[in-house]
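Inspection log for the structure reproduced underneath, given as structure tokens.
Counting convention: from 1, in listed order, for ligands and their atoms alike. In what follows, every heavy atom counts, from backbone to side chain, and hydrogens, waters and symmetry copies are set aside.
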Amino acid sequence: MAEHLILWWQVHGRRDPLQKPWMFLACGAWPEADQQLDPYGIWIAEVMLQQTQLAVALPYWTHWMATFPTVEALASASLDEVRLQWQGLGYYARARRLHEAASMLVGRPWPRDLEGWMALPGIGRTTAGSILSSAFNEPLPILDGNVKRVLARLTAHPRPPARDDALFWSWSEALLDPVRPRDMNQALMDLGATLCTPRSPSCERCPWRLRCAAYASGDPRPWPVTDAAKPLPFQVIGVGVVLNAAGEVLIDQRLEEGLLGGMWEFPGGKQEEGETINTCIVRELQEELGIAVTVGDELITVDHAYSHKKLRFVVHLCDWVSGEPQPLASQQVRWVLPEDLVNYAFPAANARIIEALLGRLDSSAHP
Ligand code: SF4
């Protein structure tokens with residue numbers, strides 16, 4: 001099976017330096033089994049690809065490598081600069097962990113075993129295996145979402161892969177080519193990403209279709225089996241875009257721990273039962289910043305789904321009445337000119353609020 005897969009991959013794999021530049025030698029060639037690659041670019045790419053598709057991650061990777069071309073450059077940048085580069089990729093803890101790991105790696109040789117990589121923040125077994133097999137051709141298996149899907153279909157596995165982790169690892173290991181682990185892992189990932197896709201697998205082109213139990217069943221799409229999804233909780237968040245007499249707007253930086261840690265945002269919070277949105281905004285800004293505001297027009301409503309909840313941000317323009325803003329529930333607060341908001345890292349939902357604010361200010365300046 002490994003041989004069939006490698007033969008397929010040599011013709012159809014994603015072996016384009018424009019698609020995965022971190023997998024190529026400086027001369028532009030794919031590395032031979034005895035050649036090594038620079039682990040830095042591979043590590044950054046692997047972390048970006050943990051939750052993000054290749055096509056989305058690629059421009060971020062290119063920009064990142066131009067801004068922080070070495071682990072030393074990354075370690076000496078500020079966390080705010082790093083987060084700004086990550087803005088839009090989501091799962092922002094990854095940026096913080098990359099920065100933290102860079103300072104642990106500076107002045108040391110690159111780790112050459114699983115333990116060395118897994119001791120770094122944000123690196124699990126599959127990321128470590130992928131970095132080591134990609135950079136050094138180490139014979140280590142991987143088990144990312146693509147690989148789990150392929151294996152679950154090959155075997156028509158009757159339970160969610162997460163419940164049988166050890167078994168799936170043993171299958172990935174059994175498939176590993178001892179001489180070409182780098183190529184084999186890439187081939188497995190490419191098969192999952194290009195043919196064995198979640199919704200419309202192209203089995204007629206798959207090198208494994210004659211061995212695949214899901215294909216034999218007539219419809220491979222039900223695999224991998226999943227636990228029934230629970231409905232996501234829904235919350236309404238009242239948000240205040242507070243302007244002062246100088247035309248500056250108030251933003252705060254979230255605490256480092258937790259969802260979107262360290263990102264900047266417009267202040268606000270969850271609407272309580274029976275509360276109007278105006279009352280919610282007045283209360284939240286008093287509790288979080290110690291300020292009194294009057295709530296004005298609605299600026300925008302933004303719906304945003306995270307992996308574990310759905311939020312509706314109802315955003316109103318507010319006038320600052322009294323109280324010096326204090327970071328009672330955040331790291332820091334700042335008055336910023338609207339045109340300077342671009343220098344701060346905001347989560348996706350806030351980026352739409354900024355767009356609406358700039359549009360509103362522009363139309364009031366040029367009615
Ligand atoms: S035959 Fe179809 S379901 Fe089976 S591994 Fe290939 S693409 Fe996936």
Side-chain angles (χ1 to χ4, degrees), residues 1-16 18-20 23 30 33 45-46 48-58 124-134 137-229 307:
M1 286 180 76
E3 208 179 305
H4 283 159
L5 182 63
I6 291 267
L7 286 173
W8 167 82
W9 173 78
Q10 287 182 167
V11 180
H12 302 289
R14 297 182 296 182
R15 293 211 295 164
D16 178 350
L18 296 175
Q19 273 189 307
K20 288 185 186 173
M23 287 304 300
W30 186 268
E46 284 296 336
M48 287 184 173
L49 292 170
Q50 282 171 353
Q51 313 278 356
T52 310
Q53 300 264 333
L54 180 61
V56 177
L58 181 58
R125 182 174 169 194
T126 192
T127 304
S130 190
I131 294 169
L132 285 161
S133 66
S134 297
N137 203 28
E138 292 286 348
L140 294 165
I142 55 167
L143 192 58
D144 69 357
N146 281 326
V147 178
K148 279 183 193 163
R149 184 170 60 254
V150 172
L151 295 174
R153 285 175 174 171
L154 273 181
T155 55
H157 193 66
R159 287 154 43 102
R163 296 215 214 149
D164 292 311
D165 221 36
L167 185 61
F168 275 71
W169 274 110
S170 71
W171 287 335
S172 183
E173 196 158 10
L175 281 166
L176 205 62
D177 180 317
V179 181
R180 300 175 64 182
R182 172 195 284 138
D183 295 355
M184 186 63 202
N185 281 344
Q186 293 295 317
L188 257 181
M189 282 191 277
D190 287 358
L191 182 74
T194 63
L195 292 190
C196 198
T197 56
R199 273 177 285 278
S200 52
S202 307
C203 301
E204 66 292 348
R205 291 190 278 134
C206 178
W208 282 350
R209 70 185 176 286
L210 299 181
R211 304 285 190 116
C212 178
Y215 175 68
S217 80
D219 180 6
R221 287 173 301 179
W223 287 275
V225 171
T226 51
D227 285 320
S307 52

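With values rounded to the nearest 0.5 angstrom, Arg205 atom CZ is found 10.5 Å from Leu191 atom CG.
No donor-acceptor pair under 3.5 Å is formed between the side chain of Ser130 and the backbone N or O of Thr127.
At most 12 non-hydrogen atoms from other residues, nucleotides or ligands lie less than 6.0 angstrom from CD of Gln53.
Ionic pairing of Asp190 and Arg15 is not present here: no N-O contact between side-chain nitrogen and carboxylate oxygen is shorter than 4.0 angstrom.
Among pairs with a residue in residues 172-182, those fulfilling side-chain hydrogen bond (donor to acceptor under 3.5 Å, both in side chains) read Gln10-Arg180, Arg180-Asp183, at least two apart in sequence or across chains.
Of the residues Lys20, Met23, Gln186, the one that meets the side chain to side chain contact (heavy atoms under 4.5 Å, CB included) test with Arg14 is Lys20.
Here atom 6 (Fe) of ligand 1 has protein N, O or S atoms under 2.8 Å from it, and they come to 1.
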